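Written out below as structure tokens is the structure these notes cover.
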Number of protein chains: 2
Amino acid sequence: MKHTVTAKDVAKLAGVSQSSVSRVFFEGAKVSEKTRTKIIAAAEELGYRPNEFARSLITNRTKIIGIVMKGVHNPFYPQVLKQFAAAFKKKGYSILFVHTNNDEIEAEDVETLLNYNVAGVIITDAVMALTVGEEFKKNKIPVVFFNRKLNSDEFYSVSCNNLDAGRKVAEYFFDKGVSEMAYIAGDADTSTSRDRQKGFQEVLKQKKARYRHYSSDYTYNGGFKTAMHMVAEGDLPSAIFVANDIMALGVLDALKANSIGVPGQTKVIGFDNIEMAAWPAYQLTTWEQPIDKMVHATVAYLLEEIAEYTGAAETLEVDGRLIERATT
Amino acid sequence: MKHTVTAKDVAKLAGVSQSSVSRVFFEGAKVSEKTRTKIIAAAEELGYRPNEFARSLITNRTKIIGIVMKGVHNPFYPQVLKQFAAAFKKKGYSILFVHTNNDEIEAEDVETLLNYNVAGVIITDAVMALTVGEEFKKNKIPVVFFNRKLNSDEFYSVSCNNLDAGRKVAEYFFDKGVSEMAYIAGDADTSTSRDRQKGFQEVLKQKKARYRHYSSDYTYNGGFKTAMHMVAEGDLPSAIFVANDIMALGVLDALKANSIGVPGQTKVIGFDNIEMAAWPAYQLTTWEQPIDKMVHATVAYLLEEIAEYTGAAETLEVDGRLIERATT
DNA sequence: AGCGTTTTTGCATACGTATTCAATAAAAGA
DNA sequence: TCTTTTATTGAATACGTATGCAAAAACGCT
């Protein structure tokens, strides 16, 4: 028979009141050292664990962080998920994982997050309708957009400084003596792809170089197909900036399939620095996203807002750096 | 100011009792159609959402499934996570994601799962101490080991029929006219690696062929290093069965680095059929794990046990199949 | 219409904890 | 030692929901 041991049981065994037991397990409350040890002993003996639900019911707060994620196929995101899980575990928070299929987070997903009254929300690789955002604001739940920059200043967002990265990549190509270059975009409606493009394009324009644009979708197959198409077109640019690594790998494979030498005939730079970029088969030069810093900033912001909600928003952009390998 | 709208509020607006509101939102309870529509309208107007915590407090049940996962670096697992999230979302369950660093799930992780009184637990790419298992049993929480076979019949486990797969791979190699073959193991203490080895070795023994064993760790780098080592040794086997795909990719890259032709000089078969196995750069022949079936079985079992706990355990092994590509 | 039967509803209570307030114990000061 | 102040404790209550029980309403039948 299942007998959940409650604070009352512990109280009885320790010969104190339930309130005292509560005070021992609720940090910030004061109990004398004597009764504390008594209670801890009793709790230990019975295997007491405070009921998280009763707790949340009365405090109207939880120790749950909701993480909404779409791109589980891009190894960048599982990596991010892992880091968040580790960081929040340290702080005593648990992760409610919500997978969304859509670019825009679905109403159902928001429902879930609100139902569980999460302490904070991280949305990664997806965006959110404004009306939905209001819902979170109304409930004073802090939200962070991870790896997505927002137009509005309504929400905190943290991403890599994509604009700057785009510029630096272009300059790097010029330094290498290349002037014929192209950009392969990811999903067109993502800030990440747009900003990378913008910075890249800006420098090309300034140097009066021709800008060539290709659209793809942030997947390996997308990158592969786009590159195949480019090759078929003829007139291959001598350098290609690809909006993320997983696409860049597809590009490399397509080039290889066409026996096009890299970096000899054309150079390739990706974005993210996922583990696979370092594999011998690819040795992809790429722009590293400083995941650690980005995660750290996100966690710090959320914890602050959880401690005292201000609703203050900011668009944080962290500097990344170029990792030079064999494709340039 | 934050005003959470409660069932009482809805009741007042609809001119009924709180109980009736509860009955509308608790499936399985009966209310007349008339009051139901009245209540739904009122709830709609106020934006009422049942408080999941109050609910769980009284029913002593939750709609949360805990998923414990270690191997986030192996793309197989994010894929699995996604499928579980999708399957359980359909059934109205949410996912509590627990990342563990250890092969053996940590006490802290179990605490979390128990604190949230999860309805069921899925442990993937990790095992659990028996004492810990008791804790779940005591609380009548069903547990499934995913992709791990247990010695004991205390818990439900679902995995691919690794033994059979190992045999079939060996037979396949023989059919191809190969008789000199090796196995590269993953983590030695995982059932998956052991069973694959066992089946493989069994056929070799039966055909009186020499069995060669190499130990690795289920990572790309592990596979790479092991293959480098094998090449350095000289006397390369003419076929290699690698315990999972991500290692196999490392093996292929190592062979390529040594200009060893595949499948000419040696053949390679992996395990899992992760997306990358199909990439042009690899075209890895591999044994497909039927994720869909495995997930389906897991979900079905958990839902049954949640509906009515029996504690019945079973060791389910689903048949996979060989996906033939360019490395054999 | 009148009676028995079934369905629907409201009242009251319980779930396990945090927290206010008053009471008690301990400490400090004189 | 007695009084005043401070620290600790216990009793009572609230959080928002589900549910057993009894009352009320609706229904079916003659």
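Here the structure is a predicted model, which is why all the values come from computation and not from measurement. Throughout, protein chains are lettered first and strands after them, A, B, ... in sequence-line order, and every chain is numbered starting at 1.
Residue A/Thr4 has a polar side-chain atom (N or O) positioned under 4.0 Å from OP1 or OP2 of C/dG16. Distances shown here put a side-chain N or O of B/Ser20 below 4.0 Å from the OP1 or OP2 atom of C/dG10. Contact annotation: A/Thr6 does not reach the phosphate of C/dG16 (side-chain N/O to OP1 or OP2, under 4.0 Å).
Nucleic acid contact for A/Arg61: none, since no nucleic acid atom lies under 4.0 Å from a heavy atom of the residue. Counting non-hydrogen atoms under 4.0 angstrom, B/Val16 reaches the backbone sugars and phosphates but no base.
For A/Lys12 and C/dG16, the NZ to P distance is 13 Å, given to the nearest whole Å. Atom-to-atom, NZ of A/Lys8 to C1' of D/dA12 comes out at 13 Å; the value is rounded to the nearest Å. As a whole-Å value, the separation of B/Asn117 CG from C/dG16 P is 11 Å. Between B/Asn60 atom CG and C/dC15 atom P the separation is 11 Å, expressed in whole Å. We find that CG of A/Leu46 is positioned 14 Å from P of C/dG16, with the value rounded to whole Å. Taking atom CZ of residue B/Phe26 and atom C1' of nucleotide C/dC15, one finds them 14 Å apart after rounding to whole Å. Remark: P of C/dC15 and CD of B/Gln18 are 17 Å apart, rounded to the nearest angstrom.
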Grab the N/O contacts between the protein and nucleotides 21-25 of chain D below 3.5 Å, and write none if there aren't any.
none

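Screening B/Leu113, B/Val143, B/Asp125 for a side-chain contact (heavy atoms from CB on, under 4.5 Å) with B/Val68, the sole residue that qualifies is B/Leu113. Checked options A/Asp109, A/Thr100, A/Asn101, A/Thr112; the residue passing with B/Lys89 is A/Asp109 (criterion: side chain to side chain donor-acceptor pair (under 3.5 Å)).
Cation-pi geometry between B/Lys63 and A/Tyr116 is not met: the NZ or CZ atom fails to fall both under 6.0 Å from the ring centre and inside 45° of the normal. Taking the ring centre of A/Phe97 as origin, the terminal cationic atom of B/Lys82 falls outside the region bounded by 6.0 Å and 45° from the ring axis.
Ring centroid separation for the pair A/Phe155 and A/Phe136 does not come in under the 6.0 Å cut-off. Ring centroid separation for the pair A/Phe25 and A/Tyr48 comes in under the 6.0 Å cut-off.
Residue pairs that meet the side chain to side chain donor-acceptor pair (under 3.5 Å) test with at least one member in residues 293-316 of chain A, sequence neighbours left out, are A/Glu305-A/Thr310.
Defined by atom type and a distance below 3.5 Å, a donor-acceptor pair is missing between the side-chain atoms of A/Tyr93 and A/Thr62.
For DNA chain D, the residues of residues 30-44 of chain A within the heavy-atom distance limit of 4.0 Å (strictly under) are A/Val31, A/Ser32, A/Thr35, sorted by number. Within a heavy-atom distance below 4.0 Å of DNA chain D, the residues of residues 50-59 of chain A found are A/Leu57, A/Ile58.
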Table please: side-chain donor-acceptor pairs of residues 35-43 of chain B below 3.5 Å, with sequence neighbours left out.
unit_1	atom_1	unit_2	atom_2	d
B/Thr35	OG1	B/Ser32	O	3.2
B/Thr35	OG1	B/Ser32	OG	3.1
B/Thr37	OG1	B/Glu33	O	3.3
B/Thr37	OG1	B/Lys34	O	2.7

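Residues B/Ile65 and B/Leu96 fail the side-chain proximity criterion, which asks for heavy atoms closer than 4.5 Å.
Under a 3.5 Å cut-off, the side chain of B/Asn139 and the backbone N or O of B/Ile141 do not form any donor-acceptor pair.
Listed by chain and number, the residues in a side chain to side chain contact (heavy atoms under 4.5 Å, CB included) with B/Asp292 are B/Gln83 (sequence neighbours excluded).
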